[in-house]
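First the structure, in the form of structure tokens, and then the observations on it.
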Amino acid sequence: MPETTLATEVIRWYEKNARDLPWRVPGVGAWAILVSEVMLQQTPVVRVLPAWQSWLERWPTPAALAADTSAEAIRMWGRLGYPRRALRLWECAVAIVDRHGGQVPTDLDELLALPGVGTYTGRAVATFAYGQRHPVVDTNVRRVVARAVAGEPDAGPATRPADLVATEALLPAEPAVAARASAAIMELGAMVCTAQSPNCVGCPLIDRCAWRASGLPAPAGPTRRPQRYAGTDRQVRGLLLAVLRETTGPVSRDRLDLVWSDATQRSRALASLLDDGLVELVGEKFALAGDGPVAPTPSGAAAG
DNA sequence: TAGACGTGGTA
DNA sequence: TTACCAAGTCT
């Protein structure tokens, strides 16, 4: 058994091999890190990079975003995917201004209470922005721990409390070092211990990996049903939203009818967008939420 | 807890 | 071309 800990080994590897990602630059604020974490949810780094830059140039603080409309946030989100994240991030900015004086909270429970901030994102912000000691468990970390520690070919489909416990057990005592370890394990999962074809030869854990030790057993079988996209409501929602994103004001139903031939599915998709709060009804027309004719401003003359 | 929720790149 | 996958969250 090696004398060093798993965390020490991975941190050492990280020092040499970490990518130069802008949200990892020392001094980057909590807001910038929060934005990166939300954008990174289910979205590859290469696509987040330019979006993150633009977003922060326009809205360098939660207050700046909160002062703008949710419609602008949804527009700026562009084609990153899962546009509900844009709306939640905007709601998040509003909540940060309302409840925390414009400062991203440091307390984990307060972070977790923010819209769009879940088990992973809350701990990621508390850890990477504030240097606290929390298990930061994403799909990469779960995979590394499942393989290296548990000897299993892959992690389960969702993060469970047990995953947090197992990861916490790997963290060094010192908060700053634990934070480093979390970033390093995540990076290892993203760059080396990948889902598809792990590069075991380049892995710092090769000599202590339980999965490797048991002969790299293959995954049991089809873990989940494949997710189709073409022809789903999801695709129709995307088409509908794309039209609204590219238009400044409200759009007629006739215009939206052009994006999809099946009226039933079209209506269902539009209804779900309204239900999600991504789209709003403006008279007979439809607009991005917050893009309505009258955006009530607290300082405005209108009484309301 | 399983399923919904975008989008685009790679094999 | 199909299938999988990419730093999850919410219901």
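Within every chain, numbering begins at 1; the chains are lettered A, B, ... in the order of the sequence lines, protein sequences first and strands thereafter. We use all heavy atoms of the structure for the numbers below, so side chains are in, but hydrogens, waters and symmetry mates are not.
Going from atom CG of L34(A) over to atom C1' of dA7(C) covers 13 Å, rounded to whole Å. One atom, CD of E37(A), and another, P of dT9(C), lie 9 Å apart when rounded to the nearest Å. The distance from atom CZ of R88(A) to atom C1' of dG6(B) is 13 Å, rounded to the nearest whole Å. A straight line from CG of L87(A) to P of dG6(B) spans 12 Å, rounded to a whole angstrom. As a whole-Å value, the separation of L278(A) CG from dC10(C) P is 15 Å. Rounded to whole Å, the distance from CG on L273(A) to P on dC5(B) is 9 Å. Between the CG atom of L40(A) and the C1' atom of dT7(B) there is a distance of 15 Å, given to the nearest Å. The CG atom of L244(A) sits 15 Å away from the C1' atom of dG6(B) (whole-angstrom rounding).
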(request) Test salt bridge (Lys or Arg N to Asp or Glu O under 4.0 Å) on R212(A) and D207(A) and set out the steps. (result) CA-CA 8 Å; R212(A) 182 103 183 150; D207(A) 292 328; over 6 Å; no
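No donor-acceptor contact under 3.5 Å links the side chain of T139(A) to the base of dG8(C). The base of dT7(B) lies close enough to the side chain of R47(A) for a donor and an acceptor atom to sit less than 3.5 Å apart.
Using a 4.0 Å cut-off, some side-chain N or O of R160(A) falls inside it from OP1 or OP2 of dT1(B). For dT9(C), neither phosphate oxygen OP1 nor OP2 lies less than 4.0 angstrom from any side-chain nitrogen or oxygen of R85(A). Contact annotation: S36(A) does not reach the phosphate of dA7(C) (side-chain N/O to OP1 or OP2, under 4.0 Å). For the pair Q42(A) and dG8(C), the criterion of a side-chain N or O lying under 4.0 Å from OP1 or OP2 is met. Listed pair Y120(A) / dT9(C) fails the phosphate criterion, with no side-chain N or O lying under 4.0 Å from OP1 or OP2.
Mapping G122(A) and P44(A) onto DNA chain C via the closest heavy atom, the residue that lands nearer the 5' end is P44(A). When each of W23(A) and P115(A) is assigned the nucleotide of DNA chain C bearing its nearest heavy atom, the one mapping closer to the 5' terminus is W23(A).
Looking at heavy-atom distances under 4.0 Å, R84(A) makes contact with a base. Residue L21(A) is in base contact, counting any heavy-atom pair closer than 4.0 Å across all strands shown. As judged by a 4.0 angstrom heavy-atom cut-off over every strand, T121(A) is placed among residues touching the sugar-phosphate backbone only. Here G81(A) lies in heavy-atom contact (under 4.0 Å) with a base. Across all strands shown, R268(A) has no heavy atoms under 4.0 Å from either base or sugar-phosphate atoms. Nucleic acid contact for L241(A): none, since no nucleic acid atom lies under 4.0 Å from a heavy atom of the residue.
In this structure, R147(A) and R143(A) have side chains that are in contact, with non-hydrogen atoms separated by less than 4.5 Å. Looking at heavy atoms from C-beta onward, V141(A) lies in side-chain contact with D138(A) at the 4.5 angstrom threshold.
Salt bridge annotation for R142(A)-D154(A): absent, with no cationic side-chain nitrogen under 4.0 angstrom from a carboxylate oxygen.
Applying the side chain to side chain contact (heavy atoms under 4.5 Å, CB included) rule to A124(A) yields the partners E37(A), Y120(A), F128(A), V136(A); only residues at least two apart in sequence or on another chain are considered. The ring-ring contact (aromatic ring centres under 6.0 Å, His included) search around W59(A) returns W55(A), not counting sequence neighbours. Listed by chain and number, the residues in a ring-ring contact (aromatic ring centres under 6.0 Å, His included) with W260(A) amount to none (sequence neighbours excluded).
Straight-line distance between the C1' atoms of dT1(B) and dT11(C): roughly 10 Å, to the nearest whole Å. dA11(B) and dA7(C) have their P atoms separated by 16 Å, given to the nearest Å.
Listed by first then second residue, pairs satisfying side chain to side chain donor-acceptor pair (under 3.5 Å) with a partner in residues 87-108 of chain A number zero, not counting sequence neighbours. Listed by first and then second residue, the salt bridge (Lys or Arg N to Asp or Glu O under 4.0 Å) pairs that reach into residues 168-182 of chain A are E15(A)-R180(A), R133(A)-E168(A), sequence neighbours excluded.
Listed by residue number, A190(A), A195(A), Q196(A) are the residues of residues 188-197 of chain A with a heavy-atom contact under 4.0 Å to DNA chain C.
Here the nucleotide nearest the side chain of Y229(A), chosen from dA7(C), dT9(C), dG6(B), is dG6(B).
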